[in-house]
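Order of the sequence lines sets the chain letters (A, B, ...), proteins ahead of strands, with each chain counted from 1.
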2 protein chains.
Amino acid sequence: MEEKEIPKAVISRLPKYYRYLGILMDEGVERVSSADLSRHMHATASQIRQDLNHFGGFGQQGYGYNVKYLYESIGKILGLDRGYTMIIVGAGRIGMAVASYTRFEKRGFKVIGIFDRRPENHRGENAGGIEVRGMDELPAFLRQNKPDIAALTMPSEGAAMVTPILIEGGVKGIWNFSHMDLEVPEDVTIQDVHLSESLMELGYRMNHPSGGQKTSGRRQES
Amino acid sequence: MEEKEIPKAVISRLPKYYRYLGILMDEGVERVSSADLSRHMHATASQIRQDLNHFGGFGQQGYGYNVKYLYESIGKILGLDRGYTMIIVGAGRIGMAVASYTRFEKRGFKVIGIFDRRPENHRGENAGGIEVRGMDELPAFLRQNKPDIAALTMPSEGAAMVTPILIEGGVKGIWNFSHMDLEVPEDVTIQDVHLSESLMELGYRMNHPSGGQKTSGRRQES
DNA sequence: TAGATTGTTAATCGATTAACAATC
DNA sequence: TAGATTGTTAATCGATTAACAATC
């Protein structure tokens with residue numbers, strides 16, 4: 001299904017398409033044109049057609065796109081049908097937030113373990129029904145359960161220390177909430193979530209209004 | 001201080017420069033060249049010089065950049081010296097994580113209020129020492145305290161309902177953790193943090209290794 | 001068939017990299 | 001001064017938009 005090489009910009013838009021198509025499906029909408037989509041997402045119809053065509057023709061001339069088919073196709077492209085397993089390393093507030101966020105599971109990301117330096121602080125806490133384990137159990141857990149992904153929700157220093165253990169244990173994707181830029185081998189994928197950088201960017205943009213905002217209030221109808 | 005029109009791509013890199021320069025400062029490093037910076041950030045020296053020059057010349061030929069001066073200059077460009085006030089709407093796990101994240105305050109973002117539909121569930125919780133208030137108190141609080149920013153950490157439906165209240169109350173920036181794309185007037189800035197989209201992107205990238213990863217393991221020394 | 005809308009090529013725009021003269 | 005490294009212009013690359021023929 002994968003063609004040559006998909007531009008980064010396209011990939012980062014796929015989840016947004018997926019989310020919006022999910023909403024349309026829930027509303028019972030059966031077909032949608034690139035022009036319809038462009039109205040509700042912040043993109044031109046041309047860009048949407050261009051984007052989707054990187055993966056082959058999902059649409060039909062004169063008709064548009066079948067919502068359900070497109071939704072499922074994008075889901076497959078994103079690999080949501082693969083059933084990833086994920087652990088969370090760091091049971092602080094962000095870690096617990098990720099853990100209890102059940103929607104991830106619906107999207108094919110299943111949390112199978114949570115680890116913390118001080119598991120005794122979390123006895124009896126309900127994080128999606130999963131018990132918080134001690135960090136010392138991590139290596140054995142990795143060997144036995146081979147999780148695909150680790151969400152790193154610890155302070156920077158801890159994150160840098162844990163990373164080699166995760167890699168040694170075969171983790172192939174790291175969802176990094178720490179402030180550290182992790183250095184990993186080629187076959188490990190890092191996805192950074194730098195919240196304070198996001199907030200600083202907001203601060204900047206508030207003071208420097210530009211013609212076209214990332215998410216603007218404009219919207220033409222029909 | 002602001003020149004013509006700074007490219008979006010540059011803006012989104014500023015917080016990263018800022019963070020890295022902060023580390024260098026803590027290490028006591030006094031000067032740094034664009035080549036040094038390029039080695040540790042994932043960018044070419046040329047890009048770094050190009051980026052910084054949008055704001056005027058911070059460097060000196062034959063010497064490089066003064067770390068402290070550059071750090072402070074970028075801080076000013078980002079407006080971190082303005083002392084933003086922020087409220088948090090939604091005292092779920094993510095909301096409380098944001099609330100208790102004291103580093104924001106050091107960066108000039110001060111949390112002055114937390115609101116939740118059910119404040120009674122949060123009696124006695126310590127979120128950076130701020131009490132969780134009921135949603136009914138929000139309009140009056142906005143009038144009195146005029147916060148600059150609201151972090152929206154509620155489920156989508158709630159977020160869409162609260163947004164008009166925030167705008168009516170004079171909030172100029174919304175840090176949006178909900179899954180909704182909010183529609184706001186031109187003078188209000190939205191910064192989205194879509195965690196599940198980030199996770200889906202990770203899933204995709206794990207299965208489609210590309211030559212140049214966003215954060216790769218490569219790094220040449222000197 | 002006529003109308004609608006895609007798929008796809010070409011044109012434009014923006015961002016990154018390369019190169020080098022200016023200058024500390 | 002000689003060496004280093006910026007500031008800045010030019011060249012390349014990539015992403016977006018426009019246009020339209022193909023086709024349902």
Side-chain angles (χ1 to χ4, degrees), chain A residues 1 3-14 16-17 21 24 29-67 69-70 73-74 201 210-214 216 218 220 222, chain B residues 3-14 16-17 21 24 29-67 69-70 73-74 77 201 210-214 216 218 220 222:
Chain A
M1 179 126 305
E3 306 286 301
K4 291 288 162 53
E5 175 80 46
I6 312 298
K8 280 180 181 191
V10 175
I11 293 158
S12 68
R13 279 191 294 268
L14 287 180
K16 192 162 229 148
Y17 291 143
L21 288 162
L24 286 181
V29 178
E30 268 179 23
R31 49 172 279 201
V32 68
S33 70
S34 58
D36 291 339
L37 283 172
S38 87
R39 241 167 260 126
H40 294 93
M41 325 230 353
H42 298 276
T44 62
S46 188
Q47 179 171 73
I48 289 167
R49 293 202 299 280
Q50 193 79 275
D51 281 0
L52 297 177
N53 259 83
H54 282 107
F55 306 96
F58 293 128
Q60 212 168 8
Q61 283 98 330
Y63 173 87
Y65 301 87
N66 178 288
V67 172
Y69 176 63
L70 186 55
S73 300
I74 293 178
E201 193 179 330
S210 78
Q213 291 198 316
K214 220 175 188 175
S216 95
R218 237 170 302 119
Q220 319 106 293
S222 165
Chain B
E3 305 285 300
K4 290 288 162 50
E5 175 80 47
I6 312 299
K8 280 182 183 189
V10 175
I11 294 159
S12 68
R13 279 190 295 268
L14 287 181
K16 193 163 229 146
Y17 292 143
L21 287 163
L24 287 181
V29 178
E30 266 180 25
R31 48 173 279 199
V32 68
S33 70
S34 58
D36 292 338
L37 283 171
S38 89
R39 242 168 257 123
H40 294 94
M41 326 232 350
H42 298 275
T44 62
S46 187
Q47 179 171 75
I48 290 167
R49 292 202 300 278
Q50 194 79 274
D51 281 0
L52 296 178
N53 260 85
H54 282 106
F55 306 97
F58 292 127
Q60 211 167 10
Q61 283 98 331
Y63 173 86
Y65 299 88
N66 177 288
V67 172
Y69 176 62
L70 186 55
S73 300
I74 294 178
I77 291 165
E201 194 180 329
S210 78
Q213 290 198 316
K214 221 176 189 176
S216 95
R218 238 169 304 122
Q220 318 106 294
S222 172

Under-3.5 Å donor-acceptor pair between A:Gln50 side chain and C:dT9 base: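 Answer is yes: a donor-acceptor pair is held.
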Are the side chains of B:Leu14 and B:Phe55 in touch, meaning some heavy atoms are under 4.5 Å apart?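 In contact.
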In whole Å, what is the span from the [atom1] atom of [X] to the [atom2] atom of [N]?
{"X": "B:Arg49", "N": "D:dA4", "atom1": "CZ", "atom2": "P", "value": "15 Å"}
{"X": "B:His54", "N": "D:dT9", "atom1": "NE2", "atom2": "C1'", "value": "13 Å"}
{"X": "A:Asn53", "N": "C:dT9", "atom1": "CG", "atom2": "C1'", "value": "12 Å"}
{"X": "A:Asp36", "N": "C:dA4", "atom1": "CG", "atom2": "C1'", "value": "12 Å"}
{"X": "B:Ile11", "N": "C:dG14", "atom1": "CD1", "atom2": "P", "value": "14 Å"}
{"X": "A:Leu52", "N": "D:dT16", "atom1": "CG", "atom2": "P", "value": "13 Å"}
{"X": "A:Lys8", "N": "C:dG14", "atom1": "NZ", "atom2": "C1'", "value": "17 Å"}
{"X": "B:Glu5", "N": "C:dC13", "atom1": "CD", "atom2": "P", "value": "16 Å"}

Looking only at the side chain of [X] (C-beta and beyond, no hydrogens), which of the listed nucleotides [options] gets closest?
{"X": "A:Ala9", "options": "D:dT5, D:dC24, D:dA15", "result": "D:dA15"}
{"X": "B:Tyr65", "options": "C:dT6, D:dT16, D:dT6", "result": "D:dT6"}
{"X": "B:Pro7", "options": "C:dA15, D:dG7, D:dA15", "result": "C:dA15"}

What are the two closest heavy atoms between [X] and [Y], and how far apart are they?
{"X": "A:Ser73", "Y": "A:Phe58", "value": "CB-CE2, 3.5 Å"}
{"X": "A:Ser38", "Y": "A:Thr44", "value": "CB-C, 3.7 Å"}
{"X": "A:Arg31", "Y": "A:Tyr63", "value": "NH2-O, 2.9 Å"}

Would you find a donor on one side and an acceptor on the other, under 3.5 Å apart, between the side chain of B:Asn53 and the backbone of B:Gln50?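 The answer is no, because no donor-acceptor pair under 3.5 Å joins these two groups.
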Of B:Gln60 and A:Val10, whose nearest nucleotide on DNA chain D comes first from the 5' end?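 Looking at DNA chain D, the more 5' nearest nucleotide goes with B:Gln60.
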So, is [X] close to the [N] phosphate, meaning a side-chain N or O under 4.0 Å from OP1 or OP2?
{"X": "A:Ser34", "N": "C:dT5", "answer": "no"}
{"X": "A:Gln47", "N": "D:dT16", "answer": "yes"}
{"X": "B:Arg13", "N": "C:dT16", "answer": "yes"}
{"X": "A:Arg31", "N": "C:dT5", "answer": "yes"}

C:dA21 - base-pair partner by Watson-Crick or wobble geometry, distances under 3.5 Å: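 Base partner found: D:dT6.
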Students often get this wrong, so: under 4.0 angstrom with heavy atoms, is B:Ser46 touching a base, only sugar-phosphate, or nothing?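 Base contact.
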